[in-house]
There are 2 protein chains.
Amino acid sequence: MRIGELSERTGTPRRLLRYYEEQGLILATRAANGYRHYDEPSVDRVLQIRGLLDAGLPTRIIKQILPCLDKPRIIHFPDATPEMIGTLERERDRMTRRIECLTRNRDALSEYLDVVCPEGGPVGGTVSAPVSGPVG
Amino acid sequence: MRIGELSERTGTPRRLLRYYEEQGLILATRAANGYRHYDEPSVDRVLQIRGLLDAGLPTRIIKQILPCLDKPRIIHFPDATPEMIGTLERERDRMTRRIECLTRNRDALSEYLDVVCPEGGPVGGTVSAPVSGPVG
DNA sequence: CTTGACCTTCACATCAGTGTTAGCGTTCGA
DNA sequence: TCGAACGCTAACACTGATGTGAAGGTCAAG
């Protein structure tokens, strides 16, 4: 597919897709006319990149770990230097810490919401006055 | 404690602690001479902030959710407007998505590392040559 | 008085992302 | 065939956010 379709299917501005390519996050083959062509997995790949960026990973790291994440376990280790492995392990551990931190705080937030707004958010409904006084 | 001690105990540059205060993430009482004074929980609070920032949450959101995360379930809902609740719910869901994304990719990365480097990372040890040829 | 910790403020670095401009080629439908 | 929509490159600038550096001054203790 061309850039326009990828843009629509991923909800990502064309501009940004070119930017990701510039950053080495995605690849595109080129047609004779110079147009970028993307294969089907590119859709997931872009979404994956967006997710990781949103989770705080810098492009530099994403670029490094992306090749290790392909579904078919294609052998990537020929070019895996010890330093590279070390980097990946550190990033894996950092991701784990992130997950723990997020989970902890998400659960706390969730618990809070359960208290202030038990079951089925009435938020967005017709609320004329804040429940600030003594209720009931 | 003063800023220097908090800095040491959290591994956070003084400059950054002042920045967090400027952004409304932490509070400090002031001594007569203008020095900032922090209480004991500030240590955890700073670490929590660092963790959330690292996980991709912007300061603006952290500032909003932090008060809901205090261990003693102090009643915060007097000032909880419906919009605020909505924001918190959206952020909770976003955190969940982040967790899922991170977990998925962390597991894939982990699996990859298990393949290229099964059990007990020898990385960092004395590795004279990369294991690029057929092993065993 | 010197040293070190603290204060404020301005400026800067980095990074992701965006808008815009200018110039040009391609695709596709009316 | 014409024009709109789409694509390309390259560049420039700029936002918004996190994070730093350094200047210049204050405070407290040896």
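All of these numbers come straight from a predicted model, not from anything done at the bench. Letters go in sequence order (proteins before strands), and every chain restarts at 1.
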Would you say [N] has OP1 or OP2 under 4.0 Å from some side-chain N or O of [X]?
X     : N      : value
A:R30 : D:dT9  : yes
B:N33 : D:dA28 : yes
B:R14 : C:dC6  : yes
B:R18 : C:dC7  : yes
B:T59 : D:dA17 : no

Hey, which sits more toward the 5' end of DNA chain C by its nearest nucleotide, A:Y35 or A:P13?
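Nearest nucleotide further toward 5': that of A:P13.
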From the set [options], return the single nucleotide nearest to any side-chain atom of [X].
X     : options                : answer
A:Y19 : D:dT9, C:dT18, D:dG19  : C:dT18
A:L16 : C:dT18, D:dC8, D:dT20  : C:dT18
B:L53 : C:dT18, D:dG19, C:dT27 : D:dG19
B:R36 : D:dC8, C:dC7, C:dT26   : C:dC7

Could you state the [atom1]-[atom2] distance from [X] to [N], rounded to the nearest angstrom?
X     : N      : atom1 : atom2 : answer
A:M1  : D:dC6  : CE    : P     : 17 Å
B:E22 : D:dT20 : CD    : C1'   : 13 Å
A:H37 : C:dT27 : NE2   : P     : 9 Å
A:R60 : C:dT14 : CZ    : P     : 13 Å
B:I3  : C:dA5  : CD1   : C1'   : 10 Å
A:R50 : C:dC15 : CZ    : C1'   : 15 Å

Distance from [X] atom [atom1] to [Y] atom [atom2], nearest 0.5 Å?
X      : Y      : atom1 : atom2 : result
A:E89  : B:L113 : CD    : CG    : 5.5 Å
B:H37  : B:R30  : NE2   : CZ    : 10.0 Å
A:L102 : A:L109 : CG    : CG    : 11.5 Å

Can you tell me whether the side chain of A:Y20 and the base of C:dG17 have a donor-acceptor pair closer than 3.5 Å?
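It does not, because no donor-acceptor pair links the side chain of A:Y20 to the base of C:dG17 below 3.5 Å.
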Distance-only donor-acceptor test, A:R15 side-chain atoms vs C:dG19 base atoms, 3.5 Å =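 For A:R15, whose side chain was compared with the base of C:dG19, there is a donor-acceptor pair (under 3.5 Å).
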For A:Y38 and B:D54, find the nucleotide of DNA chain D closest to each by heavy atoms; which residue's nucleotide sits nearer the 5' end?
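So the residue in question is A:Y38.
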(request) Measure across A:I62 and A:L57 and return the closest heavy-atom pair with its distance rounded to 0.1 Å. (result)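 Scanning both residues completely, I find the closest heavy atoms to be CD1-O, 3.6 Å.
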### Query
Should we say atom CD of B:E5 is surrounded by more than 12 heavy atoms from elsewhere, each under 6.0 Å from it?
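Atom CD in B:E5 is crowded, with more than 12 foreign heavy atoms closer than 6.0 Å.
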